[in-house]
J.: 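Sharing a structure here in C-alpha cells format.
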Amino acid sequence: MSHRVRRNPGQRPAESLAPLTLALLLPLLASAVVLLPVRSASAQVGETTVTLHWTAPGDDSLTGRATRYDLRWASSPITTSQAFSLATPVITVPSPQIAGTDESATASGLTPATTYWFALRTFDEVGNASILSNAATATTLASSDVLRPAPVTLALAGSTSSSVTLSWADSGDDSLSGNATATELRWFTAPITESNWAQATVVFGVPAPGAPGAPHTLPVNGLDRTRDLWFAARARDDVNRVSGLDASLQVPPLLDTAPPAAPAGLNAAVVAGSDVRVQWIANAEADLAGYHVYRSPSASAVYARVNPTLVNTNLYIDASAPDSVALWYAVSAVDATGNESARSAPFRVYLHGGDIVSWNLSAPYPNPSTVGASVTLPIDVPAAGPYDATLEIQDAAGQHVRTLQISGASPGPMSVTWDGLNDTGRATAPGMYRAWLRAGDRRPLVRIVRKP
C-alpha cells in the first residue's frame, strides 16, 4: 500500500479523487473517467441491455483501489452533475478492482431501438467523488415485438382512514394476449399523466401478472386520506415496452366522522377572587385540536360556551363568571376535522362561601319570641360541603319537637325558619327550647326562648 496524506472529507471532490482514465486512447485526459465505446456485437448491445466497459481507476489518482462506482443512464446526453443526478442508476455494478483492471457492467430494463447515454463516477472510502466520465452512447437493437401491453384500468375496492385498496384485471404482453412481465402502480396528489409519472410515488408489493383478465386487489397503506389522491398503473412486457396510461383513478378524501372521547376528570375552583379555574384530564387522540368549555347557572339550565376560540390545553380560566352562588361547567373535545365529543360530566363550583370552612349555627332571632311567631335560625354552609343537614328542635327536657331537613344547600350564609309548630302541626307551649344542627361531624347548638 502506498503512503499518502489522508484528505479532509470537506475538500472539493474534483480535486481529491482522480477520475478513471484511458491513457492509451486519450493521453491528454489524465483526469477524466473514460468509458470505452460500446461494442456493436449482440453480446454487448441487446434489445433491452447495454454492456459498458472501462478501466479501473485508483483510490488516489492512478494508485490504490477505489471504493465504489456510480454508473447511470439517460435518454439524453449526461454532461453536467445535475444531469447525472437525474439519470437512472445501473443497479448491477461491480466493486472496483485495483487500478488498471478491465471493468464492465450491464444496464438492463431498456427499451428496444432507443438511444441511451451513460456516465460514470468513482468514489473513495471517505466519499470523495471523481468528475464525470465521458458520456458513452449506444442504441439498443430493434425487436420484433413491437406491440406493447394494453392499458391497465384501476378500480376502488375499499378504503380506510389510512389506506386505499385497488383492484384491476391483468393486461397482456401484446395488447390483450400473452402474459405481461410486470405491473407498475403509482399514486400522486394530482392526476397522473405521462409527464408526471416519474414524480408519482411507487407502490411496492404489486403481484406478478397472470393471464390477461386475471383479477388482483392490493391495499396501499400509510396514506393521508384528508386530501384527494390519484392512482394509475401500467403493464410492462419482456422487452420493457410499457402500456399507455388509462385515466388515473381519483379517490376523494375520507372525512373523519368519529368524534373524540368526552373529557374526564373535570373539576373547578374559584381563584383570584371571582375567576373560575376549570381543569380536566387531557384527551389522548392524535388528531385532537382543542376543547370547548361550557357554563350553566344551574344543573337543568342551558349550557353556553364561554371560550371564544378552541382551548389548546386542559386548563381554562373563566374570567367572565357571573356573580352567582354556584355555576355548573362541562367540557367537550374537538378533533382536527371539527368533530366534537359529548360533554364531560358536569361539575358544580360555588362562588360564595369560600371563607366558610365548616357548618355553623348562629343565635336565632327574634329571641325571645312570642308563641305563634316564627324564629329565624342563621346558618353558614362551607364551600367544601357536605350540603345536606338536619336541624332538630328539642324542648328543655331534651324531648324531640320538630325536624327541619336541609338538602342541597349552597355555600355561604343561609337561614332556616321554625314556625313554632311540632312535627304534628300543633303549636308549642312557652318555655326554653334548643336547636341542634347535624351536618357531617358538626353538632352546633343554640337556645330558643318562647314566651306567651
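Because the structure is predicted, anything quoted here is derived from the model rather than measured. Because only heavy atoms are used, hydrogens play no part in the values below, and waters and symmetry mates are left out as well, while side chains stay in.
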J.: Got a donor-acceptor contact below 3.5 angstrom from the D174 side chain to the S177 backbone?
T.: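 No; judged by distance alone, with no hydrogens or angles, the pair does not exist.
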
J.: Measure up the W187 and F231 rings against each other and bin them: parallel (under 30°), tilted (30 to 60°), perpendicular (over 60°).
T.: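 Correct class here is tilted.
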
J.: Any side-chain heavy atom of I379 sitting closer than 4.5 Å to one from V416?
T.: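 Heavy-atom side-chain distance check passes, below 4.5 Å.
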
J.: Please report the interatomic distance CG(L249) to OG1(T153), rounded to the nearest 0.5 Å.
T.: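 If we round to the nearest 0.5 Å, L249:CG and T153:OG1 are 10.0 Å apart.
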
J.: Should we say atom CD1 of I98 is surrounded by more than 12 heavy atoms from elsewhere, each under 6.0 Å from it?
T.: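 Not more than 12 within 6.0 Å, no.
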
J.: Any salt bridge between R234 and E194, counting N to O under 4.0 Å?
T.: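 Yes, R234 and E194 are salt-bridged.
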
J.: Below 4.0 angstrom, N of the basic side chain to O of the carboxylate: do D237 and R148 qualify?
T.: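 So D237 does not pair with R148 through a salt bridge.
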
J.: Do side-chain atoms of D173 reach the backbone of T181 as a donor and acceptor pair under 3.5 angstrom?
T.: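 It does not hold such a pair.
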
J.: Atom CG of residue position L315 - does it have more than 12 heavy atoms of other residues, nucleotides or ligands inside 6.0 Å?
T.: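 Yes, CG of L315 has more than 12 neighbouring heavy atoms, counting only those of other groups under 6.0 Å.
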
J.: CG of L327 to OG of S296: how many Å apart, nearest 0.5 Å?
T.: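 Answer for the CG-OG pair, L327 versus S296, is 8.5 Å.
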
J.: Using side chain to side chain contact (heavy atoms under 4.5 Å, CB included) as the criterion, point out the one residue from L52, T51, V50 that pairs with T106.
T.: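 Single pass found, and it is T51.
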
J.: Has the side chain of S130 got a donor or acceptor atom that lies under 3.5 Å from a matching backbone atom of T122?
T.: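 Yes.
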
J.: Once rounded to the nearest 0.5 Å, what's the spacing between atom CG of D170 and atom CG of L176?
T.: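 Rounded to the nearest 0.5 Å, the CG-CG separation comes to 11.0 Å.
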
J.: Do any N or O atoms from the side chain of S344 and from the backbone of A262 form a donor-acceptor pair under 3.5 angstrom?
T.: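 No.
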
J.: If we ignore hydrogens and angles and just use 3.5 Å, is the side chain of T67 paired with the main-chain N or O of E125 as donor and acceptor?
T.: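 It does hold such a pair.
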
J.: With a 4.5 Å limit on heavy-atom distance, are the side chains of W280 and V293 in contact?
T.: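 Yes; the side chains approach each other to less than 4.5 Å.
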
J.: Could you tell me whether the side chain of L185 reaches within less than 4.5 Å of the side chain of V202, counting heavy atoms only?
T.: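 A side-chain contact is absent here, since even the closest heavy-atom pair is not under 4.5 Å.
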
J.: Quick one: CZ on R65 to CD on Q97, what's the gap to the nearest 0.5 Å?
T.: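 If I round to the nearest 0.5 Å, the distance is 5.0 Å.
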
J.: Do P322 and P297 come close enough that some side-chain heavy atom pair is under 4.5 Å?
T.: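 Of all side-chain heavy-atom pairs linking P297 with P322, none is under 4.5 Å.
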
J.: Is L166 close to T217 at the side-chain level, that is, under 4.5 Å between some pair of heavy atoms?
T.: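 When only atoms from C-beta onward are counted, L166 and T217 do not touch, as no gap falls below 4.5 Å.
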
J.: Is there a donor-acceptor pair closer than 3.5 Å between any side-chain N or O of W54 and the backbone N or O of S133?
T.: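 A pair under 3.5 Å: no.
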
J.: Counting only N and O atoms by type, is there a donor-acceptor contact under 3.5 Å from the side chain of T137 to the main-chain atoms of Y116?
T.: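 Side chain of T137 to backbone of Y116: a pair is present.
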
J.: Between T101 and A99, is there a donor-acceptor pair closer than 3.5 Å when you use the side chain of the first and the backbone of the second?
T.: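 No: the side chain of T101 does not pair with the backbone of A99.
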
J.: Test your reading of the model: is there a side-chain donor-acceptor pair from R225 to the backbone of T160, 3.5 Å cut-off?
T.: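 Indeed, once roles are kept as given, a pair shorter than 3.5 Å links the two residues.
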
J.: Does NZ or CZ of R121 come closer than 6.0 Å to the centre of the six-membered ring of Y69, within 45° of the ring's axis?
T.: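 Output no; distance or angle outside limits.
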
J.: If only atom types and distance count, is the side chain of S298 paired as donor or acceptor with the main-chain N or O of A301 below 3.5 Å?
T.: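 Present.
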
J.: Apply the test side-chain contact (heavy atoms from CB on, under 4.5 Å) to residues V270 and D275: give CA-CA distance (whole Å), side-chain angles for both, the deciding distance (0.1 Å), then the verdict.
T.: CA-CA 6 Å; V270 177; D275 296 347; over 6 Å; no

J.: From Y316 OH over to Y329 OH, what is the distance, rounded to the nearest 0.5 angstrom?
T.: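 Between atom OH of Y316 and atom OH of Y329 there are 8.5 Å.
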
J.: How about R277: does its CZ atom have over 12 heavy atoms from other parts shown lying under 6.0 Å from it?
T.: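 Check fails, neighbour count at 12 or below.
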
J.: With side chain to side chain contact (heavy atoms under 4.5 Å, CB included) as the test, pick out the partner of P149 among P212, S171, S175.
T.: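 Exactly one candidate clears the test, S171.
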
J.: Step by step, would you call D228 with Q250 a side-chain hydrogen bond (donor to acceptor under 3.5 Å, both in side chains)?
T.: CA-CA 7 Å; D228 286 298; Q250 181 181 4; 3.3 Å; yes

